[in-house]
Amino acid sequence: MTDKKKKLLLIDGNSVAFRAFFAMYQQLDKFKNPEGLHTNAIFAFKNMLDVVLKQEEPSHILVAFDAGKVTFRTKMYGEYKGGRDKTPAELSEQLPYIKEMLQDMGIATYELPDYEADDIIGTMAKRGADDGFDVAVVTGDRDLTQLASEHVTVYVTKSGVTKLEAYTPEHMQEVNGVTPTEFIDMKALMGDASDNYPGVTKVGPKTASRLIQKYHTVENLYEHVDEMKKSKLKENLLNDKDKALLGKKLAAIKCDSPVSLTMEQVAYQGASVADLRRFYEKMNFRRFLSDMAENGDFAGKEAEGKQLDFVKLEKAAVASLPEAKEIGFYLEIFGENYHLAPFAGFALKIGQQIWVSRDVDLLKEKRLRGFLENKTIVKNVFDLKRTTYGLHRLGIEAQGIGYDMLLASYLVDNENNSNDLGEVVHQYGDYDVKSDLDVYGKGKAAAIPDDDAVFFNHLAGKVAAIDQLKASLLKQLKDHEQDDLFDAIEIPTARVLAKMELNGIKVEAKTLQALQKEYGDRLKELESKIYQEAGEEFNLNSPKQLGVILFEKLGLPVIKKTKTGYSTSVEVLNQLKDKSPVVSDILAYRQIAKIQSTYVNGLLDVIDPADGKIHTRYLQTLTATGRLSSVDPNLQNIPTRTEEGKQIRKAFVPSTPDGYIFSCDYSQVELRVLAHVSGDANMQEAFKTGYDIHAHTAMKIFHLSKIDEVTPLERRRAKAVNFGIVYGISDYGLSKNLGISRKQAKSFIESYFDQYPGIQAYMDQAVKEAREKGYAETIMHRRRYLPDIHAKNFNVRSFAERTAINSPIQGSAADIMKIAMINMQKKLDELGLKTKMVVQVHDELIFDVPKEELETIKQIVPEVMQKAVSLDVPLLADSGWGHNWYDAK
DNA sequence: AGGGTCACG
DNA sequence: ACGTACGTGACCCTA
């Protein structure tokens, strides 16, 4: 405090709360905590505090409140503040909580019987200024501006609560033409309607200001009133002299009230992180909680995690574990890839008791296995699929996992989602569990701690957190109408996916090895040819070196640049093809090299030697739209567009002799979803009639009378428009895609909206709704939050708008596929079939079918997929089969 | 670790 | 006028 200026911040609690309440009045119904308490004013109050704390960096703070209705002013003048509307109950219920929050934030509050908050502030401001403080006053009420001085700045909230107008003596002069002290006299003359005292008849701000500029005080004015020439004003002044003098007493803030506070008592303590966290939890203020986490407010003591009570489970004690209907269970597998990563331990919670162990073999003991395999004992976990797969590796077939915290948190907010339990928990304001990163470390150095106390406490914290957050996550799901999405879609999907991952798909190494040889030879040939054409050897895989060769040595025109240099993408190279023969060879090399490294070599590396199969992992909680993704390896991007690439599919084969790979994919599912959600009659009609939708679109937008008049070019263009629509079309994007002029693209789009008017309406509605609600939603109520929809930046906002259009379409299609998968697995089980569902590629399902089941599968798969949901247009699924994935088309 | 490129729906 | 299609993952090179 020696060289840093002392800064005292004084806040008028009542007036700021009042402003805060009305600033967020429209949000009144949205801001309620689980107990039904309104929280809008508390929330806005906190926002204001954040802004002011950051701006002022005070060393001392006091928030003053009015003590009650009766004050020395009401005693002086019975009508003072009379006739005011009663404070709304929705606001008064919040005041005690604002005080509680302030206490948690380490900020002093004070009220004084008989005095208003203003007088407390005036008194403290004077004391502060006398003690050498810089003083900042924050209020929602202009009365306090009379305190402005060299050392006191008064901030009045403007339009909302976080914008502040700074009243210095200079600003006061600009606004009212008087000094802050003279402002009291000015008010005395003009009165105050909201405080219900009259002032002099017919004197408003203009006249009052003029008079005070001339006479400076009310008293002086009356000493010279006789000198004024006869006028209505003079008459009024004389008649209302009592009122003016009373007004001055009422308007003047008392700077010598008996405030029993020392400066030390208002020193800013800083927040009690734990208390504040509990408060935010109670208020359901998730944003502040995550802000705290991001700011590292939990660094230090809080982040150490809580010490929990737990018991190390010994083998001998397993048999006597208590009975339970519901248990919390956490299996620690050390590493992302739970197919292969080593087990590290587990934690079990029954009632309030927690057991932990490093020895996962204990799970195979009768009692524990009984818990895990009994479907009537509900298990609460974090990551159902991971847990199920891990237990399977131990020979335990999990049943009855009914709640998955990971899936729940993904549905509630798929934006800030994490697979790390600690991270998830932090987002919900609980800091009793550390993140795995904090406990295990990262990269090569990552390890399970040897120290039992550390490791077990972490495990115990995890299993405790699953229980602790369950109610609030389920409540949020319910509030979002997502209970069905959770119980009937995501949880069962996780079970199906676990099965699919376990099934795996058989991949023949010898087929890939043959390709490896073939492509290796071709790459060698291309390589030497390119070196010859370029006149030197270089690293063909380096875009940088390639750029130098093409654009500097060979002098080809630069078509596009990247951040780091010349672009050498296909798009660019295609345009340079006829300029130099080397370009085509480079394109050919690139294509083969990609297939060779990513698919031939990549897949050979991940065939499980134990069963000759590839077991991908599906990520169920990653995408923003609700789609799955596939990793280690990605089986959702196996080549299909080029013949060379497609060869890879020949290596994917059935696991039984003479069996089949059966493939079934939805036809135009996203456009069908669009037809459904938009309600566009023309598009619905097209699907109901069973037209080729792209040809139909071509007929419509090119104004042909019959669908068979459509040329292949027209169909291709119409197809691009259809895709574009789903993505939130722009003329530029379409023109680039089709290689046509922007103008032409624009006319296609206009024609499209003309022919399918419901689509245009849908797009407008989607954007409007996203703006109002802050999120876009699928047919199954999956949400995607779009905060950028309000962005000032055009690009950022436009992106959010396209997302608002696309997400419900892509996401609903994903919902439909998940339902189909659940129904499909159920059907396979019911019929006792040996056929296995092995791969999902967004709109396509792949099955490993024994020979004798092919006929059944041909019947049931398309049917189940088509009946997954009932839309206003039919769903159509096309099947194909063969002795490998290549032939299954 | 991040960018460029390219594989898929 | 803005600068642009939506959603992913893996490989390679270069820092």
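This is a predicted model, so every value here is computed, not measured. By convention in this document, chain letters (A, B, ...) are assigned in the order of the sequence lines, proteins followed by strands, and residues within each chain are numbered from 1.
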With no hydrogens and no angle check, just 3.5 Å: does a side-chain donor-acceptor pair link [X] and [Y]?
X        : Y        : value
A:Tyr618 : A:Gln636 : no
A:Gln575 : A:Glu571 : no
A:Glu501 : A:Tyr338 : yes
A:Gln596 : A:Gln516 : no
A:Thr625 : A:Arg782 : no
A:Asn419 : A:Thr621 : yes

(message) Within 45 degrees of the ring normal and closer than 6.0 Å to the centroid, is that where the cationic atom of A:Arg742 sits relative to A:Tyr732?
(response)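 The answer is no, since A:Arg742 fails at least one limit relative to A:Tyr732.
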(message) Is the positively charged end of A:Lys836 above the ring of A:Phe847, judged by distance under 6.0 angstrom from the centroid and angle within 45° of the axis?
(response)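 Output no; distance or angle outside limits.
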Quick one: which of [options] gets closest to the side chain of [X]?
X        : options               : answer
A:Tyr727 : C:dA5, B:dA7, B:dC8   : C:dA5
A:Ser730 : C:dC11, C:dC12, C:dT4 : C:dT4
A:Thr640 : C:dC6, C:dT8, B:dG9   : B:dG9
A:Lys544 : C:dT14, C:dC2, C:dG9  : C:dT14
A:Ser629 : C:dG7, C:dG9, B:dA7   : C:dG9
A:Pro543 : C:dC6, C:dC2, B:dG4   : B:dG4
A:Val841 : B:dG4, B:dG9, B:dA7   : B:dG9
A:Arg802 : C:dA5, B:dC8, C:dT8   : C:dA5
A:Val631 : C:dA5, C:dG9, C:dG7   : C:dG9
A:Ser597 : C:dC11, B:dG9, B:dA7  : C:dC11

Output the rounded distance in Å from [atom1] ([X]) to [atom2] ([N]).
X        : N      : atom1 : atom2 : value
A:Phe723 : C:dG7  : CZ    : C1'   : 13 Å
A:Phe538 : C:dT14 : CZ    : P     : 12 Å
A:Lys746 : C:dT4  : NZ    : C1'   : 15 Å
A:Leu635 : C:dT8  : CG    : P     : 18 Å
A:Tyr599 : B:dC8  : OH    : C1'   : 6 Å
A:Ile725 : C:dG7  : CD1   : P     : 17 Å
A:Gln636 : C:dG7  : CD    : P     : 16 Å
A:Asn737 : C:dA5  : CG    : C1'   : 8 Å

Establish, with yes or no, whether the OP1 or OP2 oxygen of [N] is under 4.0 angstrom from a side-chain nitrogen or oxygen of [X].
X        : N      : answer
A:Ser542 : C:dT14 : yes
A:Ser630 : C:dG9  : no
A:Lys736 : C:dA5  : yes
A:Asn795 : C:dT4  : no
A:Thr568 : B:dT5  : yes
A:Thr562 : B:dG4  : yes
A:Arg641 : B:dC8  : yes
A:Gln840 : B:dG9  : no

Select base, sugar-phosphate, or nothing to describe what [X] touches, counting heavy atoms under 4.0 Å on all strands.
X        : answer
A:Asp632 : sugar-phosphate
A:Arg784 : sugar-phosphate
A:Ala720 : base
A:Gly728 : nothing
A:Gln591 : sugar-phosphate
A:Arg590 : sugar-phosphate
A:Ala624 : sugar-phosphate
A:Ser798 : nothing
A:Glu844 : nothing
A:Leu622 : sugar-phosphate
A:Asn634 : sugar-phosphate

(request) Would you check if A:His480 and A:Glu777 make a side-chain contact, meaning some heavy-atom pair closer than 4.5 Å? (result)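 Of all side-chain heavy-atom pairs linking A:Glu777 with A:His480, none is under 4.5 Å.
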Can you check the distance between [N] and [M], where both ends of the measurement are the [atom1] atom (answer in whole Å)?
N     : M     : atom1 : answer
B:dG3 : C:dT4 : P     : 15 Å
B:dC8 : C:dG3 : P     : 31 Å
B:dA7 : C:dC2 : P     : 32 Å

(request) Both distances under 3.5 Å, Watson-Crick or G-U wobble: report the partner of C:dC2, or none. (result)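 C:dC2 is paired with nothing.
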